[in-house]
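First comes the structure, then the notes that go with it.
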Amino acid sequence: MDLFETNGNGNGNDAEDSLPPPPPVVPLDVVPVKADLELPPPEPIKKKPSKVPMARRGTGSKGTKLQLLTNHFKVNVNNNDGHFFQYSVSLAYEDGRPVEGKGVGRKVLDKVHETYASELNGKDFAYDGEKTLFTVGSLARNKLEFQVVLEDVTSNRNNGNCSPEHGSPNETDKKRVRRPYRAKTFKVELSFASKIPMQAISNALRGQESENFQEAIRVLDIILRQHAAKQGCLLVRQSYFHNDPKNFADVGGGVLGCRGFHSSFRTTQSGLSLNIDVSTTMIITPGPVVDFLIANQNVRDPFSLDWAKAKRTLKNLRIKTSPSNQEFKITGLSELPCKEQMFTMKVKGGADDATEEVTVYDYFVNHRNIQLRYSADLPCINVGKPKRPTYFPLELCSLVSLQRYTKALSTLQRASLVEKSRQKPQERMRVLSDALKISNYGAEPMLRNCGVQINPSFTQVDGRVLQAPRLKFGNGEDFNPRNGRWNFNNKKIVDPVKIERWAVVNFSARCNIQGLVRDLIKCGNMKGIVVEDPFDVFEENAQFRRAPPVVRVEKMFEHMMSKLPGAPKFLLCLLPERKNSDLYGPWKKKNLADFGIVTQCIAPTKVNDQYLTNVLLKINAKLGGMNSLLGVEQSPSIPIISKAPTLILGMDVSHGSPGQSDIPSIAAVVSSRHWPLISKYRACVRTQSPKVEMIDNLFKKVSDKEDEGIIRELLIDFYSSSGKRKPDNIIIFRDGVSESQFNQVLNQELDQIIQACKFLDENWDPKFLVIVAQKNHHTKFFQPGSPDNVPPGTVIDNKVCHPRNYDFYLCAHAGMIGTTRPTHYHVLLDEIGFSADDLQELVHSLSYVYQRSTTAISVVAPICYAHLAATQMGQFMKFEDKSETSSSHGGLTAAGAVPVPQLPKLEEKVCNSMFFC
């Protein structure tokens with residue numbers, strides 16, 4: 001009941017019982033409101049009820065049954081009556097300054113646990129390493145204070161094996177390095193914060209979720225993390241990595257892929273389960289700093305290093321120095337080389353304040369008798385404070401193991417990582433079984449206190465394999481894909497476009513262009529595409545080869561336009577590099593935003609029939625043709641969709657890599673057109689504030705008459721391309737949001753979409769279906785006793801699915817290498833009323849309409865297209881000068897926030913095309 005509503009008799013509801021009665025003369029149609037003294041009563045606010053994800057309506061039954069195993073291990077929780085008690089942890093030094101550094105916390109609390117066992121009633125902690133701690137049952141009092149002393153504190157993990165320097169360090173040494181030897185005193189304060197019933201877990205398993213349930217599961221997850229921390233692991237959210245060189249794989253550039261495990265508790269229909277999976281993170285290659293820098297910058301020797309770059313790369317990394325084996329954090333590099341960098345040293349045996357200036361090199365070689373082979377001419381490593389530097393020669397410094405590398409990987413590093421970390425299904429099962437044994441959770445006292453027991457065998461689930469949809473090709477031919485694949489051998493394209501008024505542009509790629517064009521025309525004829533002869537081949541003028549990319553593109557356009565009789569319809573562009581060509585962004589922007597020309601970039605290495613067919617599939621889709629269609633699309637017989645105009649949206653946001661916090665995020669929404677087709681799409685792409693996951697431009701009211709949002713643009717296109725029909729149904733596929741954001745998708749994004757519809761027509765009420773697709777989860781499926789991946793079309797909607805919500809897993813594609821990663825679909829809202837079978841069939845069919853390939857893909861095509869559109873338009877931004885993208889273009893994102901540069905609009909000849917294909 002709304003806070004301001006009252007019951008019909010004028011008596012308020014419970015919340016108002018304590019208020020003074022309203023004045024006696026109340027006309028019956030007036031609702032009394034809470035009044036502040038002396039203030040006029042505020043207007044009652046009607047708050048819209050917030051939407052929550054829907055409950056499951058049933059399970060599917062279509063398809064061939066298949067018994068599968070999954071990497072969930074059944075968990076029993078025997079202690080249902082107990083409570084977790086949550087305490088806030090505050091750590092301070094002796095003088096009351098709060099402890100800032102990460103990593104000290106665990107050591108301090110271990111010491112508290114050891115020293116004050118009796119005051120703590122012998123209780124074990126589950127500590128998250130920062131500001132929160134849990135116990136099973138309460139501590140003696142709501143507020144407890146402790147004081148502990150720690151020897152040799154450096155804020156880090158895994159330095160249990162430090163050996164103090166051989167012999168006692170002399171006085172000057174101590175002064176110089178200011179060793180963190182001095183024992184430090186810490187004050188620890190624990191204060192009671194809340195109480196979480198363990199019962200919440202069993203309630204959640206019955207489908208009754210409460211606030212506490214997420215918290216209770218979080219406590220169990222924290223226990224897992226703490227268990228791994230005690231073993232000296234690197235922790236990354238719910239994954240942990242042991243310091244074992246067997247798990248390291250070199251991917252180049254001074255970076256290692258480190259293999260570890262993800263482990264977390266999940267509530268499922270068959271109870272609580274522990275989900276264990278293989279996980280990989282990137283770490284810096286441990287060992288001599290100089291070796292890492294040489295590999296990282298790909299140079300021959302330390303004298304070729306770029307030190308400005310080295311300084312950025314090394315900042316905040318942890319090193320051990322020899323011979324003392326002490327650990328420090330790098331704060332920077334010295335301005336001067338080691339043999340010139342001076343510092344002030346106390347004179348031995350002199351007066352108390354007698355000092356002398358010496359070079360770092362002289363100090364280490366002559367005062368400490370340490371031989372230096374190559375450091376004299378290189379900068380020193382600084383581990384001191386800005387005002388009080390502390391220098392070490394480069395060759396005495398080694399990087400500690402298990403330090404995360406968080407920058408984006410290069411294309412080569414990524415390829416190397418994928419190749420080295422993939423595992424066949426059987427091998428992965430073996431590794432996961434071993435991981436569960438090694439982790440030895442049975443020995444974790446906190447889990448024992450909760451009565452947690454983990455079954456060591458994989459959970460069995462029932463899968464079903466859906467039949468692949470029938471596809472239509474040219475000449476009325478149709479075909480049933482086998483194993484999620486088909487090809488165009490002896491087949492014609494269903495709706496070909498003539499390639500005419502076109503030209504070839506070559507940016508200095510080495511290639512037999514005449515032969516390439518001849519083969520392209522021949523291949524096109526076999527597939528039913530008429531390719532005319534190109535107008536000309538434009539070669540780049542050699543003098544511009546070294547010019548900046550934007551200039552090269554400008555010059556090429558000037559050259560081309562001076563020769564062409566009119567604007568071309570299509571340009572085939574040859575680039576010299578296969579990946580990451582810096583010409584790509586400027587070239588695409590010039591064509592799509594400035595001139596409205598469809599373009600296809602290629603970097604031909606081995607050109608054969610398969611390669612040319614794939615290129616032609618892309619060109620045909622970009623120019624408005626269709627390569628293949630679903631049989632049910634042509635005959636329109638898709639349940640629900642073919643009967644009433646239906647719009648399908650795919651939504652995705654792509655962010656810069658973790659290290660880039662100032663690059664705008666890019667939101668892309670693609671929409672279906674030409675109903676009753678579900679294979680044709682167009683895209684709308686906008687920038688938004690960095691790292692914001694919710695799309696904020698869906699509805700953008702600029703005046704009473706004007707909406708500049710994404711959705712209006714897409715609705716108008718659907719209307720004009722679908723015979724002047726408004727959609728009765730709108731199906732939304734949303735990628736890349738986690739469970740914690742489902743409510744925002746329903747209450748923010750969907751709300752904006754509804755507003756955009758109402759803004760176009762107040763009386764129009766389309767029905768919605770909202771589905772989230774997740775790829776980065778840790779559930780995998782295996783065929784017992786088979787070396788193969790699960791077959792394409794495998795769907796699972798039982799046992800490991802959510803106890804209440806409507807979700808299912810689908811592997812639509814054929815996993816050729818490694819272990820198939822299923823897509824986890826969550827149905828958040830269905831006002832349209834699909835049956836479980838019809839919905840699963842629709843999602844499966846949408847994995848077969850991707851125009852760029854002749855295979856089923858692992859996630860629905862609209863989401864893939866949204867990815868492609870965001871990536872391609874993101875390239876527009878990469879090369880733009882910062883001055884161009886300043887506030888003159890962008891609107892402010894929030895009061896006083898940094899303006900976000902806007903993307904250029906696509907020219908109208910191409911804005912409705914599948915330019916992203």
| query | Crowded around R414 CZ? As in, over 12 foreign heavy atoms under 6.0 Å? | reply | no
| task | May I have the step-by-step check of salt bridge (charged side-chain N to carboxylate O under 4.0 Å, His left out) for E713 and R682, ending in yes or no? | result | CA-CA 10 Å; E713 185 181 313; R682 75 171 313 261; 3.1 Å; yes
| query | What is the minimum heavy-atom distance between T70 and F458, and which atoms define it? | reply | O-CD2, 3.2 Å
| message | With a sphere of 6.0 Å drawn around CG of N608, does it hold more than 12 non-hydrogen atoms of other residues, nucleotides or ligands? | response | yes
| task | Take atom NZ of K758 as the centre, draw a 6.0 Å sphere, and report whether it contains more than 12 heavy atoms from other residues, nucleotides or ligands. | result | yes
| field | Exercise: do S858 and K775 side chains pair donor with acceptor under 3.5 Å | value | yes
| query | Does the side chain to side chain contact (heavy atoms under 4.5 Å, CB included) test come out yes or no for M873 and L906, once each step is laid out? | reply | CA-CA 10 Å; M873 304 252 329; L906 295 186; 3.9 Å; yes
| said: Donor-acceptor pair, distance only, cut-off 3.5 Å: does the side chain of S847 make one with the backbone of V843? | reply: yes
| said: With side chain to side chain contact (heavy atoms under 4.5 Å, CB included) as the criterion, how do I731 and I832 come out once you've worked through the C-alpha distance, each side chain's angles and the decisive distance to 0.1 Å? | reply: CA-CA 9 Å; I731 298 175; I832 302 170; 4.0 Å; yes
| Quick one: do the H824 and D807 side chains pair a donor with an acceptor below 3.5 Å? | yes
| W486 vs Y848 aromatic rings, parallel, tilted or perpendicular, using cut-offs 30° and 60°? | parallel
| Name of the residue among S671, P727, P862 meeting side chain to side chain contact (heavy atoms under 4.5 Å, CB included) with I648 | P862
| Q755 side, atom CD; I711 side, atom CD1 - distance, nearest 0.5 Å | 12.0 Å
| Of all heavy-atom pairs between P784 and Q67, which one has the smallest distance, and what is that distance? | CD-O, 3.4 Å
| task | Look at the side chain of N71 and the backbone N and O of I276, then say whether any donor-acceptor pair between them is shorter than 3.5 Å. | result | yes
| Any luck finding a side-chain donor-acceptor pair between H72 and T779 under 3.5 Å? | yes
| task | Decide, yes or no, whether a salt bridge links R266 with E739 under the criterion of side-chain N to carboxylate O below 4.0 Å. | result | yes
| note | d(T820 OG1, H813 NE2) to nearest 0.5 Å is 4.5 Å
| task | Sort out for me which residue in L842, N480, L630 forms a side chain to side chain contact (heavy atoms under 4.5 Å, CB included) with P469. | result | L630
| query | Do T613 and Q610 get their side chains close enough for a donor-acceptor pair, meaning under 3.5 Å? | reply | no
| message | Is any side-chain heavy atom of I753 closer than 4.5 Å to one of M651? | response | yes
| Knowing that exactly one of R821, K780, H777 qualifies, which makes a side chain to side chain donor-acceptor pair (under 3.5 Å) with D277? | K780
| request: Using the salt bridge (charged side-chain N to carboxylate O under 4.0 Å, His left out) rule, take R56 and D797 through it: C-alpha gap first, then chi angles, then the decisive distance, then the call. | output: CA-CA 10 Å; R56 185 183 303 280; D797 59 4; 5.2 Å; no
| said: I'd like to know if D652 pairs up with R734 as an ion pair, taking the criterion as any Lys NZ or Arg NE/NH1/NH2 lying under 4.0 Å from an Asp or Glu carboxylate oxygen. | reply: no
| Under 4.5 Å between any side-chain heavy atoms of L746 and V52, yes or no? | no
| query | Is any side-chain heavy atom of R485 closer than 4.5 Å to a side-chain heavy atom of M816? | reply | yes
| task | Would you indicate whether the side-chain heavy atoms of P53 and N743 approach each other to under 4.5 Å? | result | yes
| said: Is it the case that atom NZ in K74 sees more than 12 heavy atoms from other parts of the structure closer than 6.0 Å? | reply: yes
| query | In Å, rounded to the nearest 0.5 Å, how long is the span from CD1 of I619 to OG1 of T599? | reply | 9.0 Å
| remark: Taken in chain and number order and not counting sequence neighbours, the residues that satisfy salt bridge (Lys or Arg N to Asp or Glu O under 4.0 Å) with K491 are none
| message | Which residue in the set I641, L714, D728, I730 passes side chain to side chain contact (heavy atoms under 4.5 Å, CB included) when paired with L647? | response | I730
| Would you find a donor on one side and an acceptor on the other, under 3.5 Å apart, between the side chain of N475 and the backbone of K492? | no
| Pairwise distance CE(M914) to OG(S679) - rounded to 0.5 angstrom | 8.0 Å
| field | Validation row: F781, N789 side chains within 4.5 angstrom (heavy atoms) | value | no
| Side-chain touch R428/F782, heavy atoms, less than 4.5 angstrom | yes
| Is the closest side-chain donor-acceptor distance between K588 and Q875 under 3.5 Å? | no
| task | Kindly indicate whether the side chain of T854, heavy atoms from C-beta on, has any atom under 4.5 Å from the side chain of L617. | result | yes
| query | Taking side chain as C-beta onward, heavy atoms only, is W764 less than 4.5 Å from L715? | reply | yes
| field | Spacing of T819 atom OG1 and M429 atom CE [to the nearest 0.5 Å] | value | 10.0 Å
| said: Would L868 and C917 count as a side chain to side chain contact (heavy atoms under 4.5 Å, CB included) here? Give the steps. | reply: CA-CA 7 Å; L868 291 173; C917 223; 5.8 Å; no
| query | What are the two closest non-hydrogen atoms of K65 and S61, and how far apart are they? | reply | NZ-O, 4.2 Å
| query | Would you say the side-chain atoms of S722 pair up with the backbone N or O of Y719, donor to acceptor, closer than 3.5 Å? | reply | no
| task | Mind running salt bridge (charged side-chain N to carboxylate O under 4.0 Å, His left out) on K62 and D837 for me, showing each step along the way? | result | CA-CA 6 Å; K62 276 190 182 166; D837 276 324; 5.9 Å; no
| Derivation and outcome, side chain to side chain contact (heavy atoms under 4.5 Å, CB included), residues L612 and L516 | CA-CA 9 Å; L612 292 171; L516 177 78; 4.1 Å; yes
| Please, which pairs that meet ring-ring contact (aromatic ring centres under 6.0 Å, His included) have at least one residue in residues 853-872, sequence neighbours excluded? | Y681-Y865, Y850-Y865, Y865-F916
| said: Can you give me the closest heavy-atom contact between S672 and F718, atom names plus distance? | reply: O-CD1, 3.5 Å
| message | Looking at every non-hydrogen atom in both residues, tell me the closest pair between I695 and Q688 and how far apart they are. | response | CA-OE1, 3.4 Å
| message | Working to the nearest 0.5 angstrom, can you tell me the gap between I529 CD1 and L616 CG? | response | 4.5 Å
| said: Could you report the tightest heavy-atom contact between A683 and F915, atom names first, then the distance? | reply: CB-CE2, 4.2 Å
| Would E532 and K569 satisfy salt bridge (charged side-chain N to carboxylate O under 4.0 Å, His left out), going step by step from the backbone distance to the final call? | CA-CA 12 Å; E532 290 193 346; K569 272 192 169 172; over 6 Å; no
| query | Will you find, in the side chains of E693 and H655, an N or O donor that is under 3.5 Å from an N or O acceptor? | reply | yes
| task | Decide if the gap between the ring center of H802 and the ring center of Y806 is smaller than 6.0 angstrom. | result | no
